[in-house]
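Here the structure comes first, spelled out in structure tokens, and everything after it is commentary.
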Amino acid sequence: KAYHEILAAFYGEWKRPIAEGEKEAAFARMAEIAKGVFAREGLDVEAKRALAPRAARGVLSSWIDAEAESGWPAEEVLSEQTVEGTLASENGAARFRARIDRIDRTGSDATILDYKTGSRLPTQTSVREGRSLQLPLYALLLERNGKGTRVARMGYASVRPKPKAGITPILLRESGKTADRPAARTKAWAADEEFDAVLNLAAGRAVDVVRAVRDGFFPRSDDPRACK
């Protein structure tokens with residue numbers, strides 16, 4: 001929670017990805033925000049871990065380095081955006097509301113990022129197979145709320161010490177490739193039809209889960225890495 005708050009406050013002011021030449025200024029401001037958050041929460045030990053210098057693999061300096069080195073451009077960064085809407089499937093419909101950690105916008109294209117501080121991330125396979133619903137549901141709700149917005153990329157942003165810090169692409173539209181955008185993992189790229197099919201599969205699964213819960217049945221997860 002503390003790291004989410006720190007990053008939301010920082011990018012709420014910064015409003016753009018951190019470039020290579022901005023790392024020192026970014027760290028100074030992020031550290032200033034972090035000191036206030038950690039002091040308020042009484043997290044002295046975590047503060048030392050977060051604010052450690054680059055040579056000591058501090059969490060915040062690791063994140064800043066990873067973002068600056070990634071080279072993924074965006075015209076604007078938005079933090080903690082709330083989206084909501086009704087999603088439908090052949091079995092019915094349900095209304096959802098969500099808060100997206102970060103949205104990077106370039107024109108009408110958007111990248112959805114979810115901050116993660118733990119060691120385990122949902123996999124590309126679990127997202128494609130409809131077992132990890134978070135990012136696809138964010139994408140669907142954003143496209144319905146975004147007045148012409150197209151979600152072109154989605155991924156997890158690991159806020160951890162080096163070498164674990166950085167953005168893990170999960171699903172990227174083939175049509176979103178540009179000459180100035182660095183290549184990501186090959187398996188993350190998907191044709192538009194495949195990308196949209198993943199979103200629609202997630203919508204159907206989410207509606208089915210809501211209907212089941214309403215009927216008093218709580219479906220178990222088929223993901224062996226999920227909480228028991």
Side-chain angles (χ1 to χ4, degrees), residues 1-12 14-18 30 33-34 37 50 59-60 62-64 66-67 70 72-74 76-85 87 96-106 109-146 149-161 163-173 176 184-185 187-190 195-196 198-203 205-206 209 221 223 225-227:
K1 179 182 176 182
Y3 286 108
H4 283 68
E5 183 177 347
I6 292 163
L7 293 171
F10 172 80
Y11 286 106
W14 197 262
K15 299 186 183 302
R16 63 188 185 278
I18 299 168
M30 197 178 291
I33 295 169
V37 172
V59 175
L60 297 182
S62 294
W63 165 254
I64 289 169
E67 178 168 62
S70 71
W72 284 77
E76 182 182 25
V77 171
L78 303 174
S79 291
E80 293 196 335
Q81 298 295 298
T82 298
V83 291
E84 58 184 313
L87 302 180
F96 296 86
R97 187 171 188 270
R99 178 173 290 181
I100 302 173
D101 285 343
R102 173 171 160 175
I103 302 170
D104 288 10
R105 299 187 64 96
T106 300
D109 279 0
T111 297
I112 290 175
L113 295 176
D114 187 67
Y115 295 130
K116 297 294 186 187
T117 56
S119 59
R120 289 184 172 180
L121 300 179
T123 63
Q124 293 175 4
T125 299
S126 69
V127 172
R128 287 175 182 266
E129 293 180 353
R131 291 183 284 112
S132 295
L133 304 178
Q134 182 185 26
L135 290 178
L137 292 183
Y138 284 176
L140 283 165
L141 293 172
L142 179 59
E143 289 186 344
R144 281 160 174 69
N145 282 259
T149 296
R150 181 187 76 154
V151 174
R153 297 165 292 279
M154 60 181 78
Y156 296 107
S158 293
V159 186
R160 301 177 63 203
K164 301 295 185 179
I167 296 172
T168 300
I170 294 296
L171 203 62
L172 312 169
R173 288 187 188 271
R185 298 180 184 181
K187 292 182 179 179
W189 293 108
F195 193 102
D196 291 333
V198 171
L199 304 192
N200 292 330
L201 174 61
R205 292 282 174 85
V209 169
S221 172
D223 190 338
R225 302 197 307 173
C227 296

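Note that this is a predicted model, so its numbers are computed, not measured.
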Donor-acceptor pair, distance only, cut-off 3.5 Å: does the side chain of T123 make one with the backbone of S126?
yes
Supply the atom-to-atom distance L87 CG to L137 CG, rounded to the nearest 0.5 angstrom.
6.5 Å
Check the pair L142 / M154 against side chain to side chain contact (heavy atoms under 4.5 Å, CB included), numbers first and verdict last.
CA-CA 12 Å; L142 179 59; M154 60 181 78; over 6 Å; no
For E143 and V151, indicate whether the former's side chain and the latter's backbone hold a donor-acceptor pair under 3.5 Å.
yes
Shortest non-hydrogen contact from S158 to W63?
O-CE3, 3.6 Å
Point-to-point distance, once rounded to the nearest 0.5 Å, from OG1 of T106 to CZ of R153
6.0 Å
Tell me the closest heavy-atom pair linking G85 and L141, and the distance in Å.
N-CD2, 3.5 Å
Any L60 side-chain heavy atom under 4.5 Å of F10 side chain
no
Kindly say whether V83 contributes a backbone atom to a donor-acceptor pair with the side chain of N145 at under 3.5 angstrom?
no
Check whether any side-chain N or O of Q124 sits under 3.5 Å from a backbone N or O of P169 as a donor-acceptor pair, and report yes or no.
yes
Heavy-atom closest contact (F195 atom, A190 atom, distance):
N-CB, 4.2 Å
Any salt bridge linking D196 with R173? Criterion: basic side-chain nitrogen under 4.0 Å from a carboxylate oxygen.
yes
When every non-hydrogen atom of R131 is compared with those of T125, the smallest separation belongs to NH2-CG2, 3.8 Å
Excluding sequence neighbours, so at least two apart, what forms ring pair (Phe, Tyr, Trp, His ring centres under 6.0 Å) with Y11?
none
Search all heavy atoms of R205 against all heavy atoms of G130 and return the closest pair with its distance.
NH1-O, 3.1 Å
Rounded to the nearest 0.5 Å, how far apart are CG of L113 and OH of Y138?
11.5 Å
L135 and L171: side chain to side chain contact (heavy atoms under 4.5 Å, CB included), yes or no, with the steps?
CA-CA 9 Å; L135 290 178; L171 203 62; over 6 Å; no
Calculate, to the nearest 0.5 Å, the distance between atoms CG and CZ belonging to L7 and R102 respectively.
8.5 Å
Which distance, rounded to the nearest 0.5 Å, do you find between the NZ of K15 and the CG of L78?
7.5 Å
Taking side chain to side chain donor-acceptor pair (under 3.5 Å) as the test, write out the residues that go with Y3, two or more places apart.
E46
Roughly how far apart are I33 CD1 and E5 CD, rounded to 0.5 Å?
9.5 Å
Locate the shortest heavy-atom distance separating T149 from A110; write the atom from each residue and the value.
CG2-CB, 3.7 Å
